[in-house]
Structure formats: C-alpha cells, structure tokens
There are 2 protein chains.
Amino acid sequence: MTAQPDLLKIGDFAKLANTNLRTLRYYEELGLIQPASRSQGGFRYYRQTDIHRVQMIRDLQELGLHLDRIRELMAVRADVENRDLFLERVREALVEQDRLLQEKIAVLEGQRKKVAQALHKANECRHCSHSPSTDNNYCEPCCTTGERLPDHLSALFQ
Amino acid sequence: MTAQPDLLKIGDFAKLANTNLRTLRYYEELGLIQPASRSQGGFRYYRQTDIHRVQMIRDLQELGLHLDRIRELMAVRADVENRDLFLERVREALVEQDRLLQEKIAVLEGQRKKVAQALHKANECRHCSHSPSTDNNYCEPCCTTGERLPDHLSALFQ
DNA sequence: CCCAACTCTACCGCACACGTCAGGGGCATC
DNA sequence: GATGCCCCTGACGTGTGCGGTAGAGTTGGG
C-alpha cells in the first residue's frame with residue numbers, strides 16, 4: 001500500500017502531536033484514539049486533525065483525570081449529538097475531579113500538619129538538656145514543656 | 001524449640017501491634033524490623049517491646065514518609081549514640097518531607113485551578129446560544145464573552 | 001502419636017502510564 | 001533486489017505497600 005494523502009505514519013504524527021510511539025499505541029490500546037487506517041503491512045496512518053484529539057487527552061490529563069475517565073468522555077462526545085448532554089457529562093466529570101483533588105489535598109495537608117508538629121518538637125528537644133530514659137518515662141511528657149509528645153515522634157525516644 | 005519467655009509468635013505480635021503477618025514480613029524484608037530470634041523450624045519470635053518500633057514505623061508513615069526513608073532513620077538511630085546527630089537526621093528528614101508535601105500539594109492545587117477554569121467555561125457554554133462550528137472557529141474565541149477557551153477545554157469543541 | 005492451629009517461603013497480583021527491549025517485518029529509494 | 005530507515009507485536013519492567021494464595025512444614029496440647 002502506498003502513502004495516502006494527508007495521512008501520517010506514527011512517527012511523524014507523534015512528532016507533530018508532541019508525544020511518542022509508545023504513548024500513541026497505549027492510547028489506542030485503551031480505546032482513546034484510532035488511526036484513520038492501516039496499511040496492509042499493519043502500519044498505522046493518522047489524520048493530521050487527530051493531533052487535536054491527542055492534545056485534548058493531554059489537556060484533560062493535566063487536570064489529573066485518569067485515561068479511563070477521559071475515554072468515557074471522548075466516547076460520549078462521539079456518540080452524542082446532543083451538545084448539552086455532552087457538556088453536562090463534562091461538567092459532572094469536572095465536579096467529581098474537583099472533589100477528588102480536594103480529598104487528596106486534604107490528606108497531604110494533614111500530613112504536613114503532623115510533620116510540622118514533629119518538627120516543632122524536634123526543635124525543642126534540640127535545645128533541651130533532658131535525655132529520654134527510664135527515669136523520665138522517655139521524655140513522656142516532656143520535662144521542659146510538660147506537653148505530650150506527638151504520636152509520630154514519641155516512639156523515636158524509646 | 002519450646003516457647004521462650006516474653007517472646008511472641010508473629011500472629012500474637014501482629015495483633016498487639018495492630019498490624020498483620022504480611023506487613024511484618026514485608027517490613028523485615030525491607031530491613032525495618034527483625035524478630036528477636038527464630039525457632040529451629042523457622043518461626044519468628046518477637047519481643048513485646050518491639051511493638052513500639054512497629055508503631056514508630058506506622059507513625060512515620062502517617063507523615064507520608066516512604067518505608068525506605070524510614071529505614072534510613074531507624075538505621076541512624078541504631079548506629080548512633082549521639083542523640084543530637086539522630087535528632088538532626090530526623091529534622092532533616094522532616095524538613096525534606098515538608099518540602100515534598102508542598103510540591104505535591106502545589107501540583108494538585110494547579111490541577112484544581114485548571115478544573116475550576118474549565119468548569120467556569122462549561123457553565124457559560126451551557127447558557128450560550130452559540131454552537132461550535134467552522135463559522136465561528138469552534139467558539140474560539142467565545143462569541144459571547146470574547147474570551148479564549150481554556151486550553152484544556154478548547155479541544156472538546158473541535 | 002496425632003491433630004488442629006499456626007507458620008514458613010515463594011510467588012503472583014494490583015494500580016497507572018508508560019519505558020524499553022527483542023525479534024521480526026514493511027516501505028520507499030537506488 | 002538490496003539497502004536503510006521505519007514500523008509491528010508482545011512482553012517484561014518501573015514504583016509502592018502490601019493482599020492473597022499454594023503447598024509444605026512446625027508447634028504444642030491431649
């Protein structure tokens with residue numbers, strides 16, 4: 001089969017789409033993109049305009065969406081003529097994504113808070129003359145401040 | 001070999017440490033804990049006091065530290081008699097962890113921001129009478145607001 | 001001695017988005 | 001038809017912290 005007009009082999013397509021072969025094949029595996037055609041030898045041929053599709057996937061990935069979710073959206077887009085329904089699906093996905101991101105952030109913020117507590121305590125200990133021993137119950141509570149050690153630090157002293 | 005005083009088999013130890021066999025064996029694999037001894041048949045026997053060690057690992061995990069990092073800290077703790085050096089290592093690890101958490105949070109916040117932008121635009125489109133077509137360059141820029149579409153949404157309309 | 005309950009090692013599986021081969025062909029040009 | 005570049009499929013590897021299973025061995029009490 002000879003070259004087709006306006007169709008690109010995967011290597012050239014990848015360059016234009018600013019990605020690489022493996023990624024394109026992976027997207028195809030997940031049902032995110034399809035080459036416009038294949039040669040008899042199995043070579044993939046892509047339409048130039050499908051570069052936008054790749055870009056869309058990339059853009060949605062930047063929102064933190066998983067490829068599965070992105071595929072669902074693309075599928076709705078393909079199936080549905082009703083623009084409102086499609087927009088609604090996008091809205092739903094975005095709202096859910098925002099919730100998901102909030103949750104992740106909350107977890108990380110919680111960890112940061114604990115780290116800060118531990119750090120605070122570690123600083124105090126640095127300037128403290130006491131050392132943990134059986135006599136002072138391993139600095140629990142702290143001989144200087146009388147405070148309890150943070151959970152995540154107390155074990156350090158035992 | 002008969003039961004040793006004050007030593008626990010892995011099952012009992014796991015219960016007291018509020019964890020499970022698999023986790024304990026995994027920690028051992030990573031060099032985080034060692035049973036005090038083994039029976040001739042290969043059974044692990046743990047000291048009760050090592051429950052604190054497990055708890056420490058758990059506590060540090062809650063700060064978001066990886067097990068490898070935790071092992072490093074525990075190793076310093078074992079090797080070093082100098083308490084100040086140990087505390088310094090802990091401080092370093094905590095500071096680094098805080099930085100790491102900040103970075104992760106920044107990424108997620110960035111994603112949230114983009115999601116919000118896309119959502120905002122999607123809401124506008126919902127109440128808009130225009131539809132993307134070749135006539136209006138696929139709503140780029142928006143016929144109503146004159147704004148450019150967010151990157152991560154423009155491709156949706158093509 | 002026997003049996004139930006416990007434990008052992010070794011291994012595969014998961015999530016996720018690819019990276020990186022190996023071994024084999026296809027394509028276009030001279 | 002030969003050459004050199006491009007492409008194919010299939011498969012394993014990565015990171016992380018375990019979960020779960022198989023098949024075999026150990027322990028301790030009756």
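Just so it is clear: chains get the letters A, B, ... in the order the sequence lines come, proteins before strands, and each one is counted from 1. Just so it is clear, the model here is predicted, and its values are computed rather than measured.
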Contact class for B/R69 (heavy atom, under 4.0 Å): base, sugar-phosphate, or nothing? nothing
I need the CD1-C1' distance between B/I10 and C/dC8, as an integer number of Å. 10 Å
If I take atom OH in residue B/Y45 and atom C1' in nucleotide C/dC6, what distance separates them, rounded to the nearest angstrom? 10 Å
Least distance between heavy atoms, B/I57 atom then B/I70 atom: O-CD1, 3.8 Å
Check whether the side chains of B/R58 and B/Q61 place a donor and an acceptor atom closer than 3.5 Å, and report yes or no. yes
Separation of A/K104 atom NZ from C/dA15 atom C1', in whole Å? 12 Å
From CD1 of A/I57 over to P of C/dC16, roughly how many Å is that when rounded to an integer? 17 Å
Do side-chain atoms of B/R71 reach the backbone of B/L30 as a donor and acceptor pair under 3.5 angstrom? yes
Quickly work out the A/L21 CG to D/dT9 C1' distance and round it to whole Å. 13 Å
Looking at C/dG26, I'd like to know if its phosphate oxygens (OP1 or OP2) sit under 4.0 Å from a side-chain N or O belonging to A/S39. no
If the cut-off is 4.0 Å, is A/N20 near the phosphate of C/dC18, judged by side-chain N/O to OP1 or OP2? no
B/F43 side-chain proximity, nearest of D/dC7, C/dC16, D/dT26: D/dT26
Closest non-hydrogen atom pair between A/A36 and A/R47, with its separation: CB-NH1, 3.5 Å
State which residues pass salt bridge (charged side-chain N to carboxylate O under 4.0 Å, His left out) with B/D12; sequence neighbours excluded, sorted by chain then number. none
A/K15 has an atom NZ; how far is it from atom C1' of D/dC7, in whole Å? 13 Å
Measuring from the side chain of B/L67 (C-beta onward, heavy atoms only), which nucleotide among D/dC7, C/dC18, D/dG17 has the closest atom? D/dG17
CZ of A/R38 versus P of C/dG26: gap in Å, rounded? 14 Å
Please check the phosphate of D/dC18 (OP1 and OP2 only) for any side-chain N or O of B/Q61 closer than 4.0 Å. yes
Euclidean distance, atom NE2 of residue B/H66 to atom P of D/dC18 [Å, nearest integer]: 11 Å
Applying side chain to side chain contact (heavy atoms under 4.5 Å, CB included) to A/T19 and A/Y27, what does each step give before you reach the verdict? CA-CA 11 Å; A/T19 181; A/Y27 286 176; 5.5 Å; no
Can you pull out the residues from residues 22-34 of chain A that lie within a 4.0 Å heavy-atom distance of DNA chain C? A/R22, A/T23, A/Y26, A/Y27
Would you kindly compare B/K9 and B/D68 by the position of their nearest DNA chain D nucleotide and give the one closer to the 5′ end? B/D68
Looking at D/dT9, I'd like to know if its phosphate oxygens (OP1 or OP2) sit under 4.0 Å from a side-chain N or O belonging to A/R44. yes
Answer with base, sugar-phosphate or nothing: what part of the nucleic acid does A/R58 contact at a heavy-atom distance below 4.0 Å? sugar-phosphate
Given 3.5 Å as the limit, does a donor-acceptor pair link the side chain of A/E28 with the main chain of A/P35, or not? no
